[in-house]
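Right, one structure below, let's go through it.
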Amino acid sequence: NHKIRPLILALVNDFTYSTSGNSKNGGLIALAAVAIALGPEVSNYCDDIVPPILSCFIDPDTRVRYYACESMYNVAKVARTDILKYFNEIFDGLGKLAADPEVSVKNGAELLDRLIKDIVCDAATYFHPELAASEYSNTNRGELSDPETSSESERQIAGPAPRVPGTVSLLPGMKQTTFDLPRFIPLLTERVHTLNPFTRMFLVQWIAVLDSIPDLELIAHLPEFLDGLFQYLSDVNLDVRVATSNVLGEFLKEIGDVIDLQRERGVLQVKGQNSQKMALAVDFLEGSGGGLN
(Lines give C-alpha, C1' and ligand atoms only; values in the text may rest on other atoms or scores of the structure.)
Protein backbone atom coordinates (compact mmCIF):
# COMPACT_ATOMS: atom_id res chain seq x y z
CA ASN A 1 0.00 0.00 0.00
CA HIS A 2 2.77 2.47 0.88
CA LYS A 3 4.35 1.87 -2.52
CA ILE A 4 1.26 1.64 -4.73
CA ARG A 5 -0.52 4.84 -3.66
CA PRO A 6 2.51 7.13 -4.24
CA LEU A 7 2.84 5.58 -7.70
CA ILE A 8 -0.81 6.28 -8.49
CA LEU A 9 -0.54 9.84 -7.20
CA ALA A 10 2.55 10.40 -9.35
CA LEU A 11 0.68 9.19 -12.45
CA VAL A 12 -2.26 11.42 -11.61
CA ASN A 13 -0.37 14.61 -10.77
CA ASP A 14 2.39 14.35 -13.36
CA PHE A 15 0.40 12.93 -16.27
CA THR A 16 -3.39 12.76 -15.98
CA TYR A 17 -3.67 16.34 -14.71
CA SER A 18 -1.02 17.59 -17.12
CA THR A 19 -1.79 20.34 -19.62
CA SER A 20 -0.37 18.19 -22.42
CA GLY A 21 -2.83 15.97 -24.27
CA ASN A 22 -0.25 13.25 -24.87
CA SER A 23 0.70 13.20 -21.20
CA LYS A 24 -2.96 12.87 -20.23
CA ASN A 25 -3.38 9.97 -22.63
CA GLY A 26 -0.34 8.26 -21.17
CA GLY A 27 -1.61 8.82 -17.65
CA LEU A 28 -5.03 7.39 -18.49
CA ILE A 29 -3.50 4.30 -20.05
CA ALA A 30 -1.20 3.86 -17.06
CA LEU A 31 -4.06 4.17 -14.54
CA ALA A 32 -6.00 1.50 -16.41
CA ALA A 33 -2.92 -0.75 -16.41
CA VAL A 34 -2.51 -0.26 -12.65
CA ALA A 35 -6.16 -1.16 -12.08
CA ILE A 36 -5.83 -4.33 -14.15
CA ALA A 37 -2.64 -5.31 -12.33
CA LEU A 38 -4.26 -4.75 -8.92
CA GLY A 39 -7.23 -6.97 -9.77
CA PRO A 40 -9.74 -7.21 -6.88
CA GLU A 41 -7.46 -5.02 -4.75
CA VAL A 42 -8.31 -2.05 -6.97
CA SER A 43 -11.28 -1.40 -4.68
CA ASN A 44 -8.83 0.05 -2.15
CA TYR A 45 -7.62 2.62 -4.68
CA CYS A 46 -10.76 3.65 -6.54
CA ASP A 47 -10.81 6.99 -4.72
CA ASP A 48 -7.39 7.72 -6.20
CA ILE A 49 -7.93 6.32 -9.70
CA VAL A 50 -11.51 7.14 -10.68
CA PRO A 51 -11.78 10.95 -10.10
CA PRO A 52 -8.83 11.82 -12.40
CA ILE A 53 -10.35 9.71 -15.17
CA LEU A 54 -13.74 11.37 -14.67
CA SER A 55 -12.18 14.79 -15.06
CA CYS A 56 -10.98 13.80 -18.54
CA PHE A 57 -14.53 13.08 -19.75
CA ILE A 58 -14.95 16.79 -20.46
CA ASP A 59 -11.48 17.45 -21.85
CA PRO A 60 -11.47 19.54 -25.05
CA ASP A 61 -9.11 17.06 -26.72
CA THR A 62 -10.99 14.32 -28.58
CA ARG A 63 -8.31 11.70 -27.99
CA VAL A 64 -8.24 12.41 -24.26
CA ARG A 65 -12.00 11.89 -24.02
CA TYR A 66 -11.69 8.62 -25.94
CA TYR A 67 -8.86 7.33 -23.74
CA ALA A 68 -10.84 8.40 -20.66
CA CYS A 69 -13.70 6.13 -21.78
CA GLU A 70 -11.29 3.29 -22.48
CA SER A 71 -9.51 3.74 -19.16
CA MET A 72 -12.76 3.87 -17.19
CA TYR A 73 -13.97 0.74 -18.98
CA ASN A 74 -10.87 -1.20 -17.89
CA VAL A 75 -11.14 0.08 -14.32
CA ALA A 76 -14.86 -0.72 -14.10
CA LYS A 77 -14.30 -4.17 -15.58
CA VAL A 78 -11.97 -5.00 -12.70
CA ALA A 79 -13.66 -3.03 -9.90
CA ARG A 80 -17.21 -4.14 -10.81
CA THR A 81 -19.62 -3.09 -8.01
CA ASP A 82 -16.99 -0.93 -6.32
CA ILE A 83 -17.31 1.48 -9.23
CA LEU A 84 -20.93 2.17 -8.25
CA LYS A 85 -19.68 4.60 -5.63
CA TYR A 86 -19.15 6.92 -8.58
CA PHE A 87 -22.23 5.88 -10.55
CA ASN A 88 -23.84 9.34 -10.64
CA GLU A 89 -20.64 10.97 -11.82
CA ILE A 90 -20.06 8.31 -14.48
CA PHE A 91 -23.69 8.50 -15.61
CA ASP A 92 -23.52 12.27 -15.88
CA GLY A 93 -20.34 12.04 -17.93
CA LEU A 94 -21.76 9.36 -20.23
CA GLY A 95 -24.84 11.50 -20.83
CA LYS A 96 -22.61 14.26 -22.17
CA LEU A 97 -20.42 11.90 -24.17
CA ALA A 98 -23.54 10.43 -25.81
CA ALA A 99 -23.88 13.75 -27.63
CA ASP A 100 -20.17 14.03 -28.48
CA PRO A 101 -19.54 15.14 -32.08
CA GLU A 102 -16.67 12.65 -32.47
CA VAL A 103 -17.78 9.15 -33.51
CA SER A 104 -14.84 7.38 -31.84
CA VAL A 105 -15.69 9.01 -28.51
CA LYS A 106 -19.33 7.97 -28.86
CA ASN A 107 -18.31 4.40 -29.57
CA GLY A 108 -16.04 4.33 -26.53
CA ALA A 109 -18.78 5.79 -24.36
CA GLU A 110 -21.31 3.22 -25.61
CA LEU A 111 -18.95 0.38 -24.71
CA LEU A 112 -18.52 1.77 -21.20
CA ASP A 113 -22.26 2.39 -20.95
CA ARG A 114 -23.06 -1.27 -21.68
CA LEU A 115 -20.61 -2.41 -19.02
CA ILE A 116 -22.08 -0.07 -16.39
CA LYS A 117 -25.58 -1.32 -17.25
CA ASP A 118 -24.44 -4.91 -16.68
CA ILE A 119 -22.89 -4.00 -13.33
CA VAL A 120 -26.03 -2.16 -12.21
CA CYS A 121 -28.25 -5.10 -13.19
CA ASP A 122 -26.04 -7.43 -11.16
CA ALA A 123 -25.86 -5.20 -8.09
CA ALA A 124 -29.32 -3.63 -7.98
CA THR A 125 -31.50 -4.57 -5.03
CA TYR A 126 -34.72 -3.19 -3.63
CA PHE A 127 -34.06 -0.55 -0.99
CA HIS A 128 -36.61 0.25 1.71
CA PRO A 129 -35.55 3.53 3.41
CA GLU A 130 -37.52 2.93 6.63
CA LEU A 131 -36.23 -0.60 7.16
CA ALA A 132 -32.67 0.45 6.37
CA ALA A 133 -32.88 3.41 8.73
CA SER A 134 -34.24 1.14 11.49
CA GLU A 135 -31.47 -1.41 10.91
CA TYR A 136 -28.90 1.35 10.91
CA SER A 137 -30.14 2.87 14.17
CA ASN A 138 -29.99 -0.52 15.90
CA THR A 139 -26.42 -1.22 14.87
CA ASN A 140 -24.89 2.25 14.79
CA ARG A 141 -25.44 4.72 17.61
CA GLY A 142 -22.93 7.32 16.50
CA GLU A 143 -22.83 9.67 13.51
CA LEU A 144 -22.86 8.15 10.06
CA SER A 145 -19.32 7.70 8.87
CA ASP A 146 -17.91 6.22 5.72
CA PRO A 147 -14.89 3.99 6.32
CA GLU A 148 -13.87 4.30 2.69
CA THR A 149 -13.58 8.09 2.90
CA SER A 150 -12.65 8.54 6.56
CA SER A 151 -8.95 8.73 5.70
CA GLU A 152 -9.48 11.11 2.80
CA SER A 153 -7.51 13.85 4.60
CA GLU A 154 -4.48 11.59 4.60
CA ARG A 155 -4.49 11.44 0.83
CA GLN A 156 -3.20 14.11 -1.48
CA ILE A 157 -5.14 13.59 -4.67
CA ALA A 158 -4.85 16.48 -7.11
CA GLY A 159 -8.58 17.12 -7.45
CA PRO A 160 -12.05 15.80 -6.57
CA ALA A 161 -14.55 14.12 -8.87
CA PRO A 162 -16.78 16.55 -10.80
CA ARG A 163 -19.77 17.66 -8.75
CA VAL A 164 -23.06 16.31 -10.05
CA PRO A 165 -26.15 18.51 -9.62
CA GLY A 166 -29.08 16.88 -7.87
CA THR A 167 -27.03 14.15 -6.23
CA VAL A 168 -27.98 13.34 -2.65
CA SER A 169 -25.91 11.55 -0.04
CA LEU A 170 -26.13 7.84 0.64
CA LEU A 171 -29.12 7.00 2.79
CA PRO A 172 -28.57 5.18 6.11
CA GLY A 173 -28.08 1.47 5.56
CA MET A 174 -26.97 1.79 1.93
CA LYS A 175 -23.68 0.29 0.81
CA GLN A 176 -21.57 2.03 -1.80
CA THR A 177 -21.28 -1.22 -3.74
CA THR A 178 -25.08 -1.39 -4.16
CA PHE A 179 -26.85 0.61 -6.85
CA ASP A 180 -28.57 3.44 -4.98
CA LEU A 181 -31.76 4.35 -6.89
CA PRO A 182 -32.98 7.04 -4.44
CA ARG A 183 -29.62 8.79 -4.78
CA PHE A 184 -29.81 8.61 -8.58
CA ILE A 185 -33.38 9.89 -9.07
CA PRO A 186 -32.60 13.59 -8.38
CA LEU A 187 -29.94 13.51 -11.09
CA LEU A 188 -32.30 11.83 -13.55
CA THR A 189 -35.03 14.35 -12.71
CA GLU A 190 -32.72 17.21 -13.62
CA ARG A 191 -31.13 15.68 -16.71
CA VAL A 192 -34.43 14.46 -18.22
CA HIS A 193 -35.18 18.01 -19.37
CA THR A 194 -32.34 18.00 -21.89
CA LEU A 195 -33.13 18.97 -25.50
CA ASN A 196 -30.35 16.99 -27.18
CA PRO A 197 -31.82 13.95 -28.99
CA PHE A 198 -28.72 11.80 -28.36
CA THR A 199 -28.79 12.50 -24.65
CA ARG A 200 -32.55 11.89 -24.64
CA MET A 201 -32.04 8.48 -26.23
CA PHE A 202 -29.33 7.73 -23.66
CA LEU A 203 -31.72 8.58 -20.82
CA VAL A 204 -34.64 6.62 -22.26
CA GLN A 205 -32.47 3.54 -22.67
CA TRP A 206 -31.34 3.80 -19.05
CA ILE A 207 -34.91 4.25 -17.83
CA ALA A 208 -35.90 1.12 -19.77
CA VAL A 209 -33.03 -0.86 -18.24
CA LEU A 210 -33.79 0.26 -14.69
CA ASP A 211 -37.49 -0.43 -15.18
CA SER A 212 -36.67 -3.98 -16.31
CA ILE A 213 -35.09 -4.74 -12.91
CA PRO A 214 -38.02 -5.85 -10.69
CA ASP A 215 -36.21 -5.30 -7.40
CA LEU A 216 -35.70 -1.59 -8.05
CA GLU A 217 -39.38 -0.62 -8.47
CA LEU A 218 -38.54 2.40 -10.61
CA ILE A 219 -42.23 3.05 -11.13
CA ALA A 220 -42.45 4.35 -7.55
CA HIS A 221 -40.34 7.33 -8.67
CA LEU A 222 -42.17 7.87 -11.97
CA PRO A 223 -43.88 11.17 -10.99
CA GLU A 224 -40.48 12.79 -10.48
CA PHE A 225 -39.38 12.51 -14.12
CA LEU A 226 -42.58 11.76 -16.04
CA ASP A 227 -43.21 15.36 -17.13
CA GLY A 228 -39.81 15.56 -18.80
CA LEU A 229 -40.30 12.17 -20.43
CA PHE A 230 -43.56 13.30 -22.01
CA GLN A 231 -41.67 16.03 -23.88
CA TYR A 232 -39.71 13.33 -25.73
CA LEU A 233 -42.88 12.29 -27.58
CA SER A 234 -42.57 15.43 -29.71
CA ASP A 235 -38.83 15.03 -30.39
CA VAL A 236 -37.73 15.53 -34.00
CA ASN A 237 -35.86 12.21 -33.86
CA LEU A 238 -38.12 9.25 -34.67
CA ASP A 239 -36.01 6.81 -32.66
CA VAL A 240 -36.43 8.93 -29.53
CA ARG A 241 -40.21 9.07 -29.99
CA VAL A 242 -40.50 5.32 -30.54
CA ALA A 243 -38.24 4.44 -27.60
CA THR A 244 -40.14 6.82 -25.32
CA SER A 245 -43.49 5.40 -26.41
CA ASN A 246 -42.29 1.90 -25.62
CA VAL A 247 -41.06 2.91 -22.15
CA LEU A 248 -44.28 4.76 -21.36
CA GLY A 249 -46.22 1.74 -22.56
CA GLU A 250 -44.37 -0.47 -20.09
CA PHE A 251 -45.07 1.98 -17.27
CA LEU A 252 -48.73 2.01 -18.28
CA LYS A 253 -48.93 -1.77 -18.07
CA GLU A 254 -47.29 -1.76 -14.65
CA ILE A 255 -49.73 0.87 -13.38
CA GLY A 256 -52.62 -1.21 -14.71
CA ASP A 257 -51.29 -4.30 -12.93
CA VAL A 258 -51.01 -2.36 -9.65
CA ILE A 259 -54.56 -1.06 -9.96
CA ASP A 260 -55.91 -4.55 -10.69
CA LEU A 261 -54.06 -5.95 -7.68
CA GLN A 262 -55.32 -3.21 -5.40
CA ARG A 263 -58.88 -3.77 -6.63
CA GLU A 264 -58.63 -7.49 -5.86
CA ARG A 265 -57.42 -6.72 -2.35
CA GLY A 266 -60.02 -4.00 -1.87
CA VAL A 267 -57.49 -1.29 -1.10
CA LEU A 268 -58.16 0.96 -4.09
CA GLN A 269 -60.20 3.57 -2.26
CA VAL A 270 -59.74 7.20 -3.19
CA LYS A 271 -61.94 9.81 -1.52
CA GLY A 272 -62.54 13.51 -2.06
CA GLN A 273 -61.51 15.48 -5.14
CA ASN A 274 -58.99 12.85 -6.20
CA SER A 275 -61.67 10.18 -6.68
CA GLN A 276 -62.81 11.58 -10.03
CA LYS A 277 -59.22 11.87 -11.28
CA MET A 278 -58.51 8.29 -10.25
CA ALA A 279 -61.67 7.07 -11.99
CA LEU A 280 -60.64 8.81 -15.20
CA ALA A 281 -57.14 7.31 -14.92
CA VAL A 282 -58.55 3.82 -14.41
CA ASP A 283 -60.92 4.22 -17.37
CA PHE A 284 -58.01 5.38 -19.51
CA LEU A 285 -55.91 2.40 -18.51
CA GLU A 286 -58.72 -0.05 -19.22
CA GLY A 287 -59.52 1.58 -22.54
CA SER A 288 -55.90 1.66 -23.66
CA GLY A 289 -55.40 -2.06 -23.14
CA GLY A 290 -52.22 -1.36 -21.17
CA GLY A 291 -50.36 0.14 -24.12
CA LEU A 292 -49.92 3.27 -26.22
CA ASN A 293 -51.67 3.69 -29.55
Side-chain angles (χ1 to χ4, degrees), residues 50 54 57-58 72 76 81 83-100 106 109-110 112-129 132 161-171 174-235 237 239-255 258 292:
V50 175
L54 284 171
F57 276 10
I58 56 176
M72 187 64 77
T81 56
I83 205 70
L84 293 179
K85 176 180 179 180
Y86 292 96
F87 174 79
N88 279 21
E89 289 78 11
I90 295 175
F91 180 90
D92 196 46
L94 287 174
K96 297 172 183 176
L97 293 174
D100 198 283
K106 277 187 178 181
E110 289 176 1
L112 173 60
D113 182 54
R114 287 197 293 270
L115 175 61
I116 298 298
K117 284 189 175 86
D118 290 340
I119 295 174
V120 167
C121 290
D122 292 340
T125 57
Y126 174 66
F127 174 67
H128 194 296
R163 293 181 62 85
V164 176
T167 297
V168 297
S169 302
L170 285 170
L171 295 175
M174 285 299 295
K175 297 179 180 179
Q176 292 181 332
T177 55
T178 303
F179 176 67
D180 187 357
L181 184 61
R183 183 173 181 263
F184 167 66
I185 290 299
L187 175 61
L188 176 61
T189 301
E190 178 170 326
R191 291 293 184 253
V192 77
H193 295 288
T194 181
L195 299 178
N196 188 288
F198 296 104
T199 305
R200 283 182 167 184
M201 178 61 74
F202 167 81
L203 294 174
V204 170
Q205 290 173 345
W206 261 102
I207 290 173
V209 169
L210 295 178
D211 185 51
S212 68
I213 305 174
D215 290 340
L216 285 183
E217 296 191 10
L218 179 64
I219 195 171
H221 301 275
L222 182 59
E224 299 184 47
F225 58 87
L226 182 60
D227 58 339
L229 202 57
F230 274 136
Q231 302 301 319
Y232 293 13
L233 294 174
S234 60
D235 194 275
N237 190 304
D239 292 337
V240 173
R241 298 199 302 271
V242 171
T244 303
S245 295
N246 292 336
V247 168
L248 290 174
E250 289 301 318
F251 281 132
L252 200 57
K253 292 177 182 178
E254 292 178 40
I255 294 172
V258 171
L292 292 177

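- A salt bridge links D92 to K96: at least one charged side-chain nitrogen sits closer than 4.0 Å to a carboxylate oxygen.
- Annotation: the span from T244 atom OG1 to L229 atom CG amounts to 5.5 Å, rounded to 0.5 Å.
- The shortest non-hydrogen separation linking P223 to A220 is CD-O, 4.0 Å.
- Distance check: I83 CD1 to L115 CG gives 9.0 Å after rounding to the nearest 0.5 Å.
- Annotation: the span from L210 atom CG to F179 atom CZ amounts to 5.0 Å, rounded to 0.5 Å.
- For the pair L54/M72, a side-chain contact is recorded, criterion being any heavy-atom separation below 4.5 Å from C-beta on.
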Task: Worked verdict on L188 versus I207 for side chain to side chain contact (heavy atoms under 4.5 Å, CB included) - done: CA-CA 9 Å; L188 176 61; I207 290 173; 4.2 Å; yes
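- L97 contributes atom CG, which lies 9.5 Å from atom OG1 of T199 (distance to the nearest 0.5 angstrom).
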TODO: Take K117 and D113, measure what salt bridge (charged side-chain N to carboxylate O under 4.0 Å, His left out) needs, and give me the verdict at the end.
DONE: CA-CA 6 Å; K117 284 189 175 86; D113 182 54; 2.3 Å; yes
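- Rounded to the nearest 0.5 Å, atoms CG (L226) and CD (E224) are 11.0 Å apart.
- In this structure, R200 and L195 have side chains that are in contact, with non-hydrogen atoms separated by less than 4.5 Å.
- Contact annotation: the side chain of L248 approaches that of F230 to within less than 4.5 Å [non-hydrogen atoms, C-beta and beyond].
- For D211, there are no side-chain hydrogen bond (donor to acceptor under 3.5 Å, both in side chains) partners at least two apart in sequence or on another chain.
- Each of T189, L187, T194 was scored for a side-chain contact (heavy atoms from CB on, under 4.5 Å) with R191, with one residue passing: L187.
- Ring geometry for F91 versus W206: interplanar angle over 60°, hence perpendicular rather than tilted (30 to 60°).
- In this structure, A98 and F198 approach most closely via the heavy-atom pair O-CB, 3.3 Å.
- L181 CG to L218 CG: the interatomic distance, rounded to the nearest 0.5 Å, is 6.0 Å.
- What you find for Y232 and H193 is that their closest heavy atoms are OH-N, 4.5 Å.
- Around atom CZ of F87, more than 12 heavy atoms belonging to other residues, nucleotides or ligands sit under 6.0 Å away.
- The backbone N or O of P197 sits nowhere less than 3.5 Å from a side-chain atom of D235 that would complete a donor-acceptor pair.
- Looking at every heavy atom in both residues, L94 comes nearest to A109 through CD2-O, 3.6 Å.
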